[in-house]
Amino acid sequence: MADALTNPSTSPPLLKVQGLSKYFALSVPWLGRIFGRQSPPILKAVDGVSLEIQRGQTFALVGESGCGKSTVARVIVGLYAPTSGEILFKGKSLEDPSVRSSPEAHTRMQMIFQDPYASLDPRWRVRDIIAEPMKAFHLAKNHSELRERVSGLLLQVGLSPSDGEKYPHEFSGGQRQRISIARAISSNPDFLVCDEPTSSLDVSVQAQILNLMKELQTRLGLTYLFISHNLAVVHHISDHVGVMYLGRLCEVAPKRILFSQPQHPYTRLLLDTIPDLNLSGRRRQPVTGEVPNPIHPPSGCAFHPRCPAAYDRCQMEAPLPRSSKESLVACHAVEEGRR
């Protein structure tokens, strides 16, 4: 699905992704290479994703594990090189080597990783972990200013300046994620990519971290790309939501529209997994079947083997994005009014 699934807006977006794809060539067993001369299979982790994120907002990407959410995040921040497509940050293409290597691209875009136990160097003191981006980009004039800024960052994330003398293993999971957030905002970024930053934390700690992120967003004017499979978390923090399935976006909508009037059958099935706290008695339809093999995806619409509204056209023709109310949806059933 190469056409753009975007979020319409009158103001220029801070980040714009157009037709982004990331393919991985997988290894072939050595017998196959020697005797069969097999070409390596191609995994289409991301296949034609397009989105826009407005300044000061949170765009959430949701979907089942393996749908390509984290790969999108890593391509945007430059950890993976895209196979095709374009990423525009503040109107400048990050595929331009001079733009990607510029100090502004590194300081104004940062990432919060999923696992706070693995993303912090256990051999460094917390003060050195937080100060490293400022040292790398020469953001402090002297050692005294550096220590002062580290102390201020620790206070901003709800820790004490004295915690800077400790090592990561002396903190709980939630406190380590606060340290990760302090490190991410130490270079005064405009844009943070948050790759499931609360998935490894207890529910009560998740709420604390999410509230901290919302507070920092308001105070510092941050823009978030938030990756998650937890719809309750997405509902709490997002402004717009993109639903991914097997490397493609199938629906993009404002949060209030997506949760109240979901259009795509996959979106509706995902929302049916949220517990009904109001005990409304509404009949729910669980997500059935397994995610197809991404190396050999189904023809046509990738969701058609699991879709209750699928028919012959879905098996042969990949759907293009269409406007439906305030959503952008890639679905033949929605287009034809059959859902």
Side-chain angles (χ1 to χ4, degrees), residues 1-8 16-26 39-52 59-72 75 82-87 229 240-254 257-258 261-273 285-339:
M1 184 169 54
D3 291 298
L5 273 174
T6 58
N7 169 30
K16 185 174 183 178
V17 176
Q18 296 178 307
L20 183 66
S21 296
K22 177 59 182 176
Y23 300 165
F24 295 95
L26 306 182
S39 58
I42 302 298
L43 171 62
K44 297 182 178 181
V46 179
D47 190 15
V49 166
S50 299
L51 55 89
E52 296 179 2
F59 188 101
L61 276 180
V62 301
E64 293 170 289
S65 296
C67 70
K69 306 184 299 295
S70 293
T71 303
V72 170
V75 172
T83 302
S84 63
E86 187 175 33
I87 304 169
H229 61 269
H240 288 78
V241 183
V243 181
M244 285 192 70
Y245 187 79
L246 216 64
R248 300 178 179 181
L249 277 171
C250 55
E251 182 168 359
V252 176
I257 297 296
L258 186 124
Q261 303 175 50
Q263 301 295 305
H264 198 281
Y266 179 59
T267 306
R268 299 203 307 275
L269 292 176
L270 284 181
L271 293 180
D272 277 346
T273 64
Q285 185 171 356
V287 181
T288 58
E290 298 291 336
V291 178
N293 185 346
I295 302 176
H296 303 291
S299 60
C301 175
F303 186 59
H304 84 258
R306 306 170 69 189
C307 181
Y311 76 125
D312 292 345
R313 183 185 178 191
C314 303
Q315 301 178 30
M316 298 180 292
E317 180 184 341
L320 298 177
R322 310 286 183 185
S323 295
S324 177
K325 299 182 179 179
E326 295 186 52
S327 305
L328 285 167
V329 187
C331 178
H332 296 310
V334 173
E335 179 186 350
E336 299 172 6
R338 295 185 293 100
R339 63 174 185 81

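What you are looking at is a predicted structure, and each value in this text was computed from that prediction instead of being measured. The figures here come from the full heavy-atom set of this structure, side chains too, leaving out hydrogens, waters and symmetry mates.
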Working for side chain to side chain donor-acceptor pair (under 3.5 Å), residues E336 and Y311 = CA-CA 12 Å; E336 299 172 6; Y311 76 125; 2.8 Å; yes
Would you please name every residue forming a side chain to side chain donor-acceptor pair (under 3.5 Å) with T71, sequence neighbours left out?
->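 Partners of T71 by the side chain to side chain donor-acceptor pair (under 3.5 Å) criterion come out as none, since no residue qualifies.
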Considering non-hydrogen atoms only, spot the tightest contact between [X] and [Y] and give its length.
{"X": "E326", "Y": "I257", "value": "OE2-CD1, 3.8 Å"}
{"X": "A302", "Y": "L246", "value": "CB-CD2, 3.7 Å"}
{"X": "A310", "Y": "H304", "value": "CB-O, 3.5 Å"}

Between Y245 and E251, is a side-chain contact (heavy atoms from CB on, under 4.5 Å) present by the stated rule, with each step listed?
-> CA-CA 10 Å; Y245 187 79; E251 182 168 359; over 6 Å; no
So, does H296 use its side chain to make a donor-acceptor pair with the main chain of N293 at under 3.5 Å?
-> no
May I ask you to decide if P294's main-chain N or O and K44's side chain share a donor-acceptor pair within less than 3.5 Å?
->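 A pair under 3.5 Å: no.
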Could you check V62, L271, L61 and say which one makes a side chain to side chain contact (heavy atoms under 4.5 Å, CB included) with V243?
-> V62
Partners meeting side-chain contact (heavy atoms from CB on, under 4.5 Å) with [X] (sequence neighbours left out):
{"X": "P41", "result": "L26, V28, I295"}
{"X": "C331", "result": "H264, P265, V329, A333, V334"}
{"X": "P305", "result": "P298"}

List in chain and number order the residues that pass ring pair (Phe, Tyr, Trp, His ring centres under 6.0 Å) with Y23, two or more places apart in sequence or in another chain; answer none if no residue qualifies.
->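 Residues passing ring pair (Phe, Tyr, Trp, His ring centres under 6.0 Å) with Y23: none at all.
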Hey, what do you get for [atom1] ([X]) to [atom2] ([Y]), rounding to the nearest 0.5 Å?
{"X": "L51", "Y": "L328", "atom1": "CG", "atom2": "CG", "value": "11.5 Å"}
{"X": "Q261", "Y": "T267", "atom1": "CD", "atom2": "OG1", "value": "13.0 Å"}
{"X": "M316", "Y": "C301", "atom1": "CE", "atom2": "SG", "value": "13.0 Å"}

What residues, two or more places apart in sequence or in another chain, satisfy salt bridge (charged side-chain N to carboxylate O under 4.0 Å, His left out) together with E317?
-> R313
Determine, stepwise, if the pair V72 / M244 fulfils side-chain contact (heavy atoms from CB on, under 4.5 Å).
-> CA-CA 10 Å; V72 170; M244 285 192 70; 4.1 Å; yes
Residue pair P308 / L269, side-chain heavy-atom distance below 4.5 Å |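 The answer is yes; the side chains approach within 4.5 Å.
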Should V241 and V252 count as side-chain neighbours, where that means a heavy-atom distance under 4.5 Å?
->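 Heavy-atom side-chain distance check fails, nothing below 4.5 Å.
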State, without any angle test, whether S327 and Q263 hold a side-chain donor-acceptor pair at a distance under 3.5 Å.
->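 No, no side-chain donor-acceptor contact under 3.5 Å.
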Would you please say whether a donor-acceptor pair under 3.5 Å links the side chains of Y266 and E64?
->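 Yes, E64 and Y266 have a side-chain donor paired with an acceptor closer than 3.5 Å.
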Derivation of the side-chain contact (heavy atoms from CB on, under 4.5 Å) call for V75 and V46 | CA-CA 10 Å; V75 172; V46 179; 5.7 Å; no
Could you walk me through whether S50 and Q18 pass side chain to side chain donor-acceptor pair (under 3.5 Å), step by step?
-> CA-CA 4 Å; S50 299; Q18 296 178 307; over 6 Å; no
